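Worksheet for the structure shown next.
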Amino acid sequence: HTILVFDSGVGGLSVLQEIRQLIPGQHYHYLFDNARLPYGELSEAELISGCVALIEPMVTRLAADIVVIACNTASTLILPALRQCLSVPVVGVVPAIKPAAQLSKSHHIGLLATPGTIKREYTHELIRKFADDCRVELFGSSELVMLAEQKIAGLEPSPQQLQKLLAPITQSSLDVLVLGCTHFPMLKAEISQILGDQVTLLDSGTAIARRVRDLLPAGEENPEDETAVAYYTTAAISEGLTLSLKKLGFSKIENIKS
Ligand code: DGN
């Protein structure tokens, strides 16, 4: 099967990794809208029209069987428009508010996401629906997205900078923190070191991988075929990122706008 995973940045690689682990041997394609990163800063109209214009032709070109929008900032907004123009299943990634509310002993949870996801009506609806018995604190950060980008390109984040960005969370007494941006699982170890054992970090990766497996029609798995992984960008990428992608098994890297 052909699976297209989309994100504005490298965050969706955290989701792709979970999917590849659960269902190896598929044809994986990763579409990376780096020309417009970070999405947390774009207007809603720009986000919807730009994503649809980018994803629709790629689905046709690759004859994708399924599309995964591995970006909370986009998923909380573009899914209805995208589903309207695509005939294949579209799986979105949205913050794991429901499991967080179920897990929290103190009924005090946090959502760490992009500024776009934090202000989205979709997010507030999730909170009203699934966490109405919890105190929910919202933390928006685009800087953390950029730190995750740099990490994948080979530059380790500075503990001091992370400490500063996470300071509002360290001062809170929440016991479950939702990583509501697909970039953040890439910094999970670093975040966890700062917040300590008393805060459980939750992301949506595993649930998304299961959803993709359930939606795929039954077919052959060919774990030998793991090299069939292609990466498409909308702007040039750094040498560091190119190197990391090759290490991750991407056999083809193409700038679709050049
Ligand atoms: N990875 C995206 C998300 O899950 O929201 C956000 C990346 C961005 O463009 N800020």
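Counting convention: from 1, in listed order, for ligands and their atoms alike. This one's a predicted model, so the numbers in the text were calculated from it and none came from an experiment. Hydrogens, waters and symmetry mates play no part in the numbers below; they use all other heavy atoms, side chains included.
Looking at heavy atoms from C-beta onward, Thr123 lies out of side-chain contact with Ile118 at the 4.5 angstrom threshold. Leu201 has its side chain out of reach of Phe184: every pair of non-hydrogen atoms, C-beta onward, lies at least 4.5 Å apart. Residues Leu77 and Arg120 form a side-chain contact, since some pair of their non-hydrogen atoms from C-beta on lies under 4.5 Å apart.
Proximity of a side-chain donor or acceptor of Tyr232 to a complementary backbone N or O of His29 within less than 3.5 Å is not detected. Side-chain atoms of Lys151 come within 3.5 Å of backbone N or O of Met186 as a donor-acceptor pair. Of the possible polar contacts, none joining the Thr76 side chain to the Thr117 backbone as a donor-acceptor pair under 3.5 Å is found. Ser75 places a side-chain N or O within 3.5 Å of a backbone atom of Cys71 that can act as its donor or acceptor partner.
The closest protein non-hydrogen atom to atom 2 (C) of ligand 1 is Cys71 SG, 3.2 Å. Ranking protein heavy atoms by distance to atom 9 (O) of ligand 1, first place goes to Tyr39 N, 2.5 Å. Thr73 OG1, 2.5 Å is the protein heavy atom nearest to atom 5 (O) of ligand 1. For atom 3 (C) of ligand 1, the closest non-hydrogen atom on the protein side is Asn72 N, 3.2 Å. At the top of the distance list for atom 7 (C) of ligand 1, counting protein heavy atoms only, stands Ser8 OG, 3.2 Å.
Those atoms of ligand 1 with a heavy atom of Thr114 less than 4.0 angstrom away are 5 (O), 6 (C), 10 (N). Here is the list of ligand 1 atoms found below 4.0 Å of a heavy atom in His183: 1 (N), 2 (C), 7 (C). Each of the atoms 1 (N), 2 (C) of ligand 1 lies under 4.0 Å from some heavy atom of Asp7.
Here the shortest heavy-atom distance to atom 4 (O) of ligand 1, taken over Thr182, Asp33, Asp203, belongs to Thr182.
Neither the backbone nor the side chain of Val93 has any atom closer than 4.0 Å to an atom of ligand 1 (non-hydrogen atoms only).
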